Amino acid sequence: MLGASNEKTLRQNGIFVRSIKTDTLQQNTINRALVELSGAEFAPNDTEYIKNLGVNLPFESGLEAVNYLKSQNAKILYAEFSDPKVHACLDTTGKTPSILINASYKDLNEFDDVLAISEAIAHETGHMKDNDILNSISEEIDCLALNVLVHKSHKKKYPDSMEDKSSPLYSEGVSLYSTLFFDSNPDKTALKQRISEKYGYLDISSPNHPKTKLAKEIKKISA
C-alpha cells in the first residue's frame, strides 16, 4: 500500500508543515483507510444531487481515487502543521506527490477514525488530480463534495459509524460537510458561509475547476 516514513519541513499552501516518521500502527491505519476508500461507491442519486450544485467531481468512486494514487506513486504521511485547524494538505514539492495528514490524528486508529481518514485522503487526492499548484473556491467545492460522497457511502455501509465524535476531524470536517451539502435549504446558506470563511480569499476558478454559480455566490459574500 501507499506510505512512507521520511521527515522534512516545508511551507505548503501558506502553512509550515513537518512530516514525521510513521510507525507500524499508524501505517496500518493509513492502509486500512485506503482499503475502505477503495470500497466507497457513490449512490447515483447522491452523485446527481452533487453535480446539480455545479460540482465537477474529480472521481466517480473511491476506487478511482485509490487507483489514481497508486498511478502517481503517492505517499501518505502524518505531519505537524503550523495551523492546527488544517486536517490534511497536498505536498507537490517532491518528485512524487504526498498527502500530509495532521499529526494530531496520528494515534487515532479505531474503525471510525479509519473511515474519517479515508475521506481526508479522498479530498486531497481530488486536489492531486489537477497536477498543478493552483487552487480556487471551485476546486475546494469539488474536493469537499468528493469526500462528502465518500462519507455518504461509508454511512450507508456502516450506519452506526462516526456518531458523536468530538475530534475536529469529525466535527469540523467529514460529518460537517455532509450535513452542509445535503442541507434541505435550497439556498445552501450555511454551506456558502462555511466555505466563505475558510476559502473565500481564493480566486473563483482554476484549471479543471471552472467558475460556478455556487462559487461566485461564495466569493461575493467573501468580499
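Here the structure is a predicted model, which is why all the values come from computation and not from measurement.
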Undergrad: On a heavy-atom basis, which atom in V66 and which in S38 lie closest, and how many Å separate them?
TA: CG2-N, 3.7 Å
Undergrad: Just by modelled atom types, is the D23 backbone N or O under 3.5 Å from a matching donor or acceptor in the Q26 side chain?
TA: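 Flag set: sc Q26 to bb D23 pair under 3.5 Å.
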Undergrad: Nearest 0.5 angstrom please: E60 CD to F42 CZ, how far?
TA: 8.0 Å
Undergrad: What is the distance from atom CD of E119 to atom CG of L144, rounded to the nearest 0.5 Å?
TA: 11.5 Å
Undergrad: Determine whether a donor-acceptor pair (N or O, by modelled atom type, separation under 3.5 Å) exists between the side chain of Y49 and the backbone of F181.
TA: yes
Undergrad: Please check if L176 and F182 belong to a single hydrophobic cluster, counting links between Ile, Leu, Val, Met, Phe, Trp and Tyr side chain heavy atoms closer than 4.5 Å.
TA: yes
Undergrad: Would you mind reporting whether L34 and L69 have side-chain heavy atoms less than 4.5 Å apart?
TA: yes
Undergrad: Between S178 and S175, is there a donor-acceptor pair closer than 3.5 Å when you use the side chain of the first and the backbone of the second?
TA: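 No: the side chain of S178 does not pair with the backbone of S175.
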Undergrad: Please answer: with hydrophobic residues joined when any side-chain heavy atoms are less than 4.5 Å apart, are Y158 and L169 in the same cluster?
TA: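 Yes, it is one cluster - the side chains of Y158 and L169 are joined through contacts under 4.5 Å.
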Undergrad: Within the side chain of S19, is there an N or O that forms a donor-acceptor pair under 3.5 Å with the backbone of A79?
TA: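 No, because the side chain of S19 does not come within donor-acceptor range (under 3.5 Å) of the backbone of A79.
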Undergrad: Using a 3.5 Å distance criterion without hydrogens, assess whether the side chain of N102 forms a donor-acceptor pair with backbone atoms of P84.
TA: yes
Undergrad: Looking at Y170 and D113, would you say the former's side chain and the latter's main chain have a donor-acceptor pair under 3.5 Å?
TA: yes
Undergrad: Kindly indicate whether the side chain of L57, heavy atoms from C-beta on, has any atom under 4.5 Å from the side chain of T47.
TA: yes
Undergrad: Say whether, by atom type as modelled, one donor and one acceptor occur between the side chain of K155 and the main chain of P159 under 3.5 angstrom.
TA: yes
Undergrad: Cluster question for you: counting only ILVMFWY and a side-chain heavy-atom cut-off of under 4.5 Å, with indirect links fine, are L202 and M128 together?
TA: yes
Undergrad: Does L134 reach the side chain of S136, with side-chain heavy atoms less than 4.5 Å apart?
TA: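 Side-chain contact under 4.5 Å: no.
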Undergrad: So, do D107 and L25 sit near enough that their side-chain heavy atoms are less than 4.5 Å apart?
TA: no
Undergrad: Would a single hydrophobic cluster contain both F111 and L108, if residues Ile, Leu, Val, Met, Phe, Trp and Tyr are joined by side-chain heavy-atom contacts under 4.5 Å?
TA: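 Linked within one cluster.
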Undergrad: Please check if the side chain of N28 supplies one atom and the backbone of T24 the other of a donor-acceptor pair under 3.5 Å.
TA: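 Not at all, since once roles are kept as given, no pair shorter than 3.5 Å links the two residues.
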Undergrad: Would you say the side chain of K157 lies within less than 4.5 Å of the side chain of E36, judging by non-hydrogen atoms?
TA: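 SC-SC contact between E36 and K157 confirmed.
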Undergrad: Knowing that exactly one of K129, H209, H123 qualifies, which makes a side-chain hydrogen bond (donor to acceptor under 3.5 Å, both in side chains) with D142?
TA: H209
Undergrad: Answer yes or no: is there an ion pair linking K165 with E110, defined by an N-O contact shorter than 4.0 Å?
TA: yes
Undergrad: Under a single-linkage definition using a 4.5 Å side-chain heavy-atom cutoff for Ile, Leu, Val, Met, Phe, Trp and Tyr, are L63 and L37 assigned to the same hydrophobic cluster?
TA: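 The answer is no; the residues belong to distinct hydrophobic clusters.
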Undergrad: Does anything in residues 214-223 pair up under side-chain hydrogen bond (donor to acceptor under 3.5 Å, both in side chains), and if so which pairs, sequence neighbours excluded?
TA: K192-E217, S196-S222, K213-E217
Undergrad: May I ask you to test the L90-I99 pair for a side-chain heavy-atom distance under 4.5 Å?
TA: yes
Undergrad: Taking all atoms of both residues into account, what is the closest heavy-atom pair of M162 and A116, and its distance?
TA: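 That would be SD-N, 4.1 Å.
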Undergrad: When rounded to the nearest 0.5 angstrom, what is the spacing between NZ in K198 and CD1 in I137?
TA: 13.5 Å
Undergrad: Are any non-hydrogen side-chain atoms of L191 and D183 less than 4.5 angstrom apart?
TA: no
Undergrad: Indicate yes or no: does E172 engage R194 in a salt bridge with an N to O separation below 4.0 Å.
TA: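 A salt bridge is present here (some side-chain N lies under 4.0 Å from a carboxylate O).
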Undergrad: Does any N or O in the side chain of T29 come within less than 3.5 Å of the main-chain N or O of V114, such that one atom is a donor and the other an acceptor?
TA: no
Undergrad: Specify whether F59 and Y68 have parallel, tilted or perpendicular ring planes, treating 30° as the upper limit for parallel and 60° as the lower limit for perpendicular.
TA: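 Because their plane-to-plane angle lies in the 30° to 60° range, the rings of F59 and Y68 count as tilted.
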Undergrad: Under a plain distance cut-off of 3.5 Å, with no hydrogens placed, do H154 and S118 share a side-chain donor-acceptor pair?
TA: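 Indeed, the side chains of S118 and H154 share at least one donor-acceptor pair under 3.5 Å.
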Undergrad: Does the side chain of Y78 reach to within under 4.5 Å of the side chain of I30, using non-hydrogen atoms?
TA: yes
Undergrad: Is N56 reaching over with its side chain to a backbone N or O of N208, donor-acceptor style, under 3.5 angstrom?
TA: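 Flag set: sc N56 to bb N208 pair under 3.5 Å.
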